[in-house]
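Remember, it's 1-based here, ligands and their atoms both numbered in the order they're listed. Computed from heavy atoms alone, side chains included, the values below leave out hydrogens, waters and symmetry copies.
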Amino acid sequence: MITIKTEADINRMHEAGKILAEIHRQIATLIAPGITTQEIDQFAEKLMKQYGATPEQKGYRGYPYATCASLNDVICHGFPKKEKLKDGDIVTIDMVVNLNGWLADSAWSYAVGQVSEEADRLLRVTKESLYKGIEKAVAGNRIGDVSHAIQAYAEAEGFSVVRDFIGHGIGQEMHEDPQVPHYGPPNKGPRIKEGMVFTIEPMLNVGTYQMKIDQDGWTARTRDGKLSAQYEHTIAITANGPIILTEQ
Ligand code: MF3
Ligand code: CO
């Protein structure tokens with residue numbers, strides 16, 4: 001069941017999203033060779049608390065941290081670690097902010113120091129694919145229109161789209177309906193309506209889209225060990241089009 005949010009609900013989620021956007025902006029200034037994802041995780045958790053918010057991921061189905069930190073070939077759900085980031089790495093930081101019971105979810109990939117041309121292009125195309133999807137997130141379209149726009153763009157640029165993890169409705173629960181795949185045919189899936197709030201969070205890979213899960217039960221990696229990147233926003237559908245709740 002897809003829950004429709006009121007304007008007041010969306011405003012509450014936007015407040016959570018503004019905090020999340022500010023945390024990502026601050027993380028961006030910290031990312032450099034030498035910092036650890038454990039330090040970034042603790043920084044993000046501290047900031048959430050300063051803003052009167054809580055890290056919704058911590059304890060969610062036993063997930064142990066405030067953030068996911070997914071390095072290089074890790075697609076998503078990587079654990080923050082005490083190893084230092086190195087020049088040339090790419091790392092995705094993903095988190096869900098809970099402000100007074102309302103949630104916002106956003107992931108961002110960061111370049112550490114000077115990255116390869118291939119990594120740089122993967123980051124750019126992945127971010128652009130998110131915005132191609134957002135453009136289609138308008139009342140009257142179907143979810144498949146969002147999915148298809150992302151896949152068509154990503155594959156035209158020579159990258160693959162992860163199948164095993166998808167966007168999702170969000171509100172007072174982290175994962176609600178609808179499901180939002182980042183691949184598939186247009187003009188299929190639920191009709192997009194005013195008051196829906198969902199994430200769009202494409203994960204693009206340099207090689208195969210297939211993945212494997214580490215022994216820790218969480219960390220999802222590309223099967224071929226090649227790079228993966230992700231950008232995610234929480235989007236609200238209004239009469240005037242999509243509003244990005246996790247941007248500003
Ligand atoms: N933020 C993730 C998403 O985009 C969910 C993280 S799973 C958790 O859906 F276990 F870490 F919370
Ligand atoms: Co997320």
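- With a 4.0 Å heavy-atom cut-off, ligand 1 is reached by no atom of Arg61.
- Of the protein's non-hydrogen atoms, the one nearest atom 6 (C) of ligand 1 is Gln57 OE1, 3.3 Å.
- Judged by the shortest distance from any of its heavy atoms, Glu56 lies outside the 4.0 Å radius around the atoms of ligand 1.
- With respect to the salt-bridge test (charged N to carboxylate O, under 4.0 angstrom), the residues Lys49 and Glu45 qualify.
- Using a 4.0 Å heavy-atom cutoff, Phe165 is absent from the residues neighbouring ligand 1.
- Not a single heavy atom of Thr199 lies less than 4.0 angstrom from ligand 1.
- For atom 4 (O) of ligand 1, the closest non-hydrogen atom on the protein side is Glu201 OE1, 2.7 Å.
- Judged by distance alone, the side chain of Ser70 and the main-chain N or O of Gly78 form a donor-acceptor pair under 3.5 Å.
- Listed by chain and number, Asp94 OD1, Asp94 OD2, Asp105 OD1, Glu232 OE1 are the protein N/O/S atoms closer than 2.8 Å to the Co ion (ligand 2), with waters left out.
- For ligand 1, the polar-atom distance check finds an N/O of Asp94 within less than 3.5 Å of one of the ligand's N/O atoms.
- Remark: Asp9 engages Arg12 in a salt bridge, criterion side-chain N to carboxylate O under 4.0 Å.
- Residue Trp218 places no N or O, backbone or side chain, under 3.5 Å from any N or O of ligand 1.
- Scanning the protein for heavy atoms near atom 7 (S) of ligand 1, the closest one is His77 NE2, 3.7 Å.
- No heavy atom of Ala107 sits closer than 4.0 Å to any atom of ligand 1.
- Looking from atom 9 (O) of ligand 1 to the surrounding protein, the closest heavy atom is His168 NE2, 2.8 Å.
- Only the side chain of Met174 comes within 4.0 Å of ligand 1, counting heavy atoms alone; its backbone N, CA, C and O stay farther away.
- When only non-hydrogen protein atoms are considered, atom 3 (C) of ligand 1 lies nearest to Asp105 OD2, 3.2 Å.
- Salt bridge Arg25/Glu22: present, at least one basic N to carboxylate O contact under 4.0 Å.
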The test is side-chain contact (heavy atoms from CB on, under 4.5 Å); show your working for His168 and Glu201 and say whether it passes. CA-CA 9 Å; His168 49 87; Glu201 49 180 303; 3.1 Å; yes
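- Neither the backbone nor the side chain of Cys76 has any atom closer than 4.0 Å to an atom of ligand 1 (non-hydrogen atoms only).
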